[in-house]
Amino acid sequence: MTRWYYGWQMVLVSFVVMIFLTNPVTSQPQTNLLIRSCSTNNATDIQKFIGNLNETFRDVRTKLLNNNTYFTTSNQTRNSEPVYVLAQCRNYMSTGDCVSCFDFADRSIRFCAAANGARVVLDGCFLRYESSSFFNQTTLPGNVGLCGNRTSSRQTIFEMAVDGLLSNLTVAAPKINGFYAAVTSQAVGTNTSTAYAIAQCAETITTDGCKNCLQVAYANIKSCATDVTDGRGVDSGCFMRYSASAFFANNKTTDITPFLRDGSLHGVTELQGPKDYSFNDLKKATKGFQEDNKLGEGGFGDVYKGIVKDGNTVAVKRLALCSDIAKANFESEVRIISNVHHRNLIRLLGCCNKGPELLLVLEYMANGCLEKFLYGEKRGTLNWRQRCDIILGTARGLAYLHEQYHVTIIHRDIKPSNILLDNDFQPKIADFGLARLLPDGQTHISTRVAGTLGYTAPEYAIHGQLSEKVDTYSFGIVVLEIVSGRRCTEVPAEFQGEQCLLEHAWYLYESRMHLKLVDATLDPSDYKEEDVKKILEIALMCTQSPVSVRPTMSEVVMLLSDRSRVQNLPTRQNVSFNELSNADATITELTGR
Ligand SMILES: *[C@@H]1O[C@H](CO)[C@@H](O)[C@H](O)[C@H]1NC(C)=O
Ligand SMILES: *[C@@H]1O[C@H](CO)[C@@H](O)[C@H](O)[C@H]1NC(C)=O
Ligand SMILES: *[C@@H]1O[C@H](CO)[C@@H](O)[C@H](O)[C@H]1NC(C)=O
Ligand SMILES: *[C@@H]1O[C@H](CO)[C@@H](O)[C@H](O)[C@H]1NC(C)=O
Ligand SMILES: *[C@@H]1O[C@H](CO)[C@@H](O)[C@H](O)[C@H]1NC(C)=O
Ligand SMILES: *[C@@H]1O[C@H](CO)[C@@H](O)[C@H](O)[C@H]1NC(C)=O
Ligand SMILES: *[C@@H]1O[C@H](CO)[C@@H](O)[C@H](O)[C@H]1NC(C)=O
Ligand SMILES: *[C@@H]1O[C@H](CO)[C@@H](O)[C@H](O)[C@H]1NC(C)=O
Ligand SMILES: *[C@@H]1O[C@H](CO)[C@@H](O)[C@H](O)[C@H]1NC(C)=O
Ligand SMILES: *[C@@H]1O[C@H](CO)[C@@H](O)[C@H](O)[C@H]1NC(C)=O
């Protein structure tokens, strides 16, 4: 998804210009140029080529102007320089604005000179030509999400409304004649604001093609930070956009409710299932699950790096759970996980349930896991800003799993080895949803607690009481590790009386020595004392008992994003660290860890 534009056509593309302006307006040609790309192949007979190009463009313009249409194609194949052209305006435009946008696109695309393939994508319209027909193209590599500026206000409420809008559009637009829909949504909350969104496919593709294309566009938009106020998904066969500002008039919306009827909430049942891989393909991709390809060993099985048939690098997780129950739950659980799209959650690309084993095919993160950066081989390489981003991103990913996805997913095993880092050091949580493969009874201490020593909330470790707050607790512990660069089981030599990092953090907080917690590898000029204090307060709040005083993850996101101070300061409970250690000892016995 991050590759630019090769594959849109068989020819190589010489350059791509992406200009991104956030300037939504209604009733204008909307000529913000989003993408312009030209192929490297030039026409051999320039005279003939330009003649054909001009003729098809004239034809297209006439149709847009006179036929009250927003989509049209034309071709001229009379000589050695065939030209196929497709033009499309967003249906909320007036005819005049549509033609103005087309004229602007025509002028912009001439920049590609003799290149016999080119495209320009604008907010208001789309123009493309090639030397062969491309009208049936849907989603191709080069599809991209374009993310606008970020905001610090209103984001949580807004992003929830946007998510619902876009998933509804993904379901509805392919079923609507003309493959186009425009919708708005009133965000709920104290300060109401409206979100605007459209989805549109080329009219020459199929319903399934439109659906596939919009699903990719939707996923691309969702990989933008969740607080951007304006996002676009651009692909060969479709376009999707949302904004917090009105880019079409309120009377231009489409009633999509009739097209959502048979789907359940958010139309998730309509969404794609994961891709099926054969066991042999995955075996080949990982060179027979060779030790050299092993990326790590997780609670649910080993993970291998693999290169699949389409050339993409993936992570293949070979699940160690092979019980009948896991096999039986696999299909439905995997379908749920595969429809989770969030910037801070690892994407499930496919799976294999045919053959002897259960395997998951996941996004590959070249930077590996957070653990390595905190106290492994990359120790000391993350600066303060990066650590804060990792904390916020992880909180957002969890808030999504708990409160924004249509099924509540409790992770149960949040720890630095389950938080992966992308190329920009943004966190992506791995292994969510897998605990659901365990049979219900197996979550209690008497059999097995999903979770890892030191990160597990006491009520879960001791009594098997499971709630979202179990993840809040583990998150708090991970934050302490991120700030201190220490393992949760470790305290500095001079504090040997303390049993763990959490107890040490309480001590430093209560004696106002919070700066002592900060990783010594960090440059003291890199962080502010008040920021350290605030993050420590939030981390401690997350680890409080009883469960009811711990914040929800969306409250944590709000606290982290808000510049003001934390209002309800954390208070230490009489958490018995002894009791905890005893529980941990029991877990160790039972699970053999
Ligand atoms: C195509 O033409 C442009 C100028 O019109 C030129 O700069 C470019 O090198 C040409 N490319 C090829 C592959 O001939
Ligand atoms: C083709 O159209 C361009 C731009 O409209 C114009 O400058 C050029 O003269 C036209 N060429 C031919 C051969 O019609
Ligand atoms: C466009 O309109 C013209 C007349 O205004 C008509 O002759 C032509 O068939 C129409 N084309 C399409 C594609 O509908
Ligand atoms: C090319 O144009 C002709 C005549 O306008 C039309 O019949 C044909 O279907 C077009 N081809 C494609 C691939 O659209
Ligand atoms: C599109 O059409 C071309 C030729 O007309 C065909 O080879 C190709 O498979 C089609 N692609 C899709 C996605 O239908
Ligand atoms: C978005 O950010 C860019 C660069 O930081 C800035 O120039 C532009 O004014 C911003 N746009 C809006 C609408 O805030
Ligand atoms: C999406 O569609 C569902 C089902 O019709 C509806 O309940 C929900 O409010 C819609 N979401 C938004 C944000 O419009
Ligand atoms: C709501 O908007 C008002 C004025 O725009 C602002 O003062 C207030 O802080 C906002 N409240 C929230 C919860 O965003
Ligand atoms: C739709 O709204 C626009 C501006 O918001 C207005 O100019 C136009 O007359 C309205 N159209 C109809 C059919 O009500
Ligand atoms: C916690 O411990 C303190 C003294 O260590 C005691 O005074 C207090 O009552 C205890 N609180 C609870 C809730 O057990």
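One is the number of the first residue; the rest follow in order along the sequence. Counting starts at 1 for both ligands and their atoms, following the listed order.
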Q: Flag atom 14 (O) of ligand 4 as yes if some protein heavy-atom distance to it falls below 4.0 Å, otherwise no.
A: yes

(Q) Please determine whether a side-chain nitrogen of the Lys or Arg among E555 and R550 lies less than 4.0 Å from a carboxylate oxygen of the Asp or Glu. (A) no

Q) Does N168, backbone or side chain, put an N or O under 3.5 Å from an N or O of ligand 7? A) yes

**Q.** For ligand 2, the portion of R110 having any non-hydrogen atom under 4.0 Å away
**A.** side chain

Q: Indicate yes or no: does D123 engage R90 in a salt bridge with an N to O separation below 4.0 Å.
A: no

Q. Is the closest heavy-atom distance from T257 to ligand 7 below 4.0 Å?
A. no

Q. Under 4.0 Å from any heavy atom of N75, which atoms of ligand 4 are there?
A. 1 (C), 2 (O), 3 (C), 8 (C), 10 (C), 11 (N), 12 (C), 14 (O)

Q.
Between N143 (side chain only) and L140 (backbone N and O only), is there a donor and an acceptor less than 3.5 Å apart?
A. yes

Q: Determine if the distance from atom 11 (N) of ligand 4 to the closest protein heavy atom is below 4.0 Å.
A: yes

Q.
Can you confirm, on distance only, whether ligand 4 has an N/O atom lying under 3.5 Å from any N/O atom belonging to T73?
A. no

**Q.** Any non-hydrogen protein atom less than 4.0 Å away from atom 8 (C) of ligand 4
**A.** yes

Q) Does some side-chain heavy atom of T207 sit less than 4.5 Å from a side-chain heavy atom of F179? A) yes

Q | Least distance between heavy atoms, T69 atom then K63 atom | A | CG2-O, 3.3 Å

Q.
Test your reading of the model: is there a side-chain donor-acceptor pair from E403 to the backbone of S554, 3.5 Å cut-off?
A. yes

Q | Contacting atoms of ligand 7, where contact means under 4.0 angstrom from a heavy atom of L260 | A | 2 (O), 5 (O)

Q) Under 4.0 Å from any heavy atom of L165, which atoms of ligand 7 are there? A) 13 (C), 14 (O)

**Q.** Under-4.0 Å protein heavy-atom contact, atom 5 (O) of ligand 4
**A.** no

Q: Find all atoms of ligand 7 within a distance of less than 4.0 Å from any non-hydrogen atom belonging to G164, and give their numbers and elements.
A: 13 (C)

Q.
Please evaluate residues C112 and C38 with respect to the criterion disulfide bond (SG atoms under 2.5 Å apart), reporting the C-alpha separation (whole Å), side-chain torsions for both, the decisive distance (0.1 Å), and the verdict.
A. CA-CA 5 Å; C112 292; C38 316; 1.9 Å; yes

Q.
If the cut-off is 4.0 Å to any non-hydrogen atom of S185, which atoms of ligand 7 fall inside it?
A. 13 (C)

Q: Out of L53, N54, N52, I50, indicate the one that has the non-hydrogen atom closest to atom 3 (C) of ligand 2.
A: N54

Q: Establish, for the pair K469 and Y473, whether the NZ or CZ atom is under 6.0 angstrom from the six-membered ring centre and no further than 45 degrees off its axis.
A: no

Q. Yes or no on salt bridge (Lys or Arg N to Asp or Glu O under 4.0 Å) for R61 and D106, after CA distance, side-chain angles and deciding distance?
A. CA-CA 10 Å; R61 190 179 193 281; D106 177 349; over 6 Å; no

Q) Between D163 and K222, is there a side-chain N and carboxylate O pair less than 4.0 Å apart? A) yes

Q) R107 near ligand 2, heavy-atom distance under 4.0 Å? A) no

Q) By number and element, which atoms of ligand 4 are closer than 4.0 Å to a non-hydrogen atom of F135? A) 14 (O)

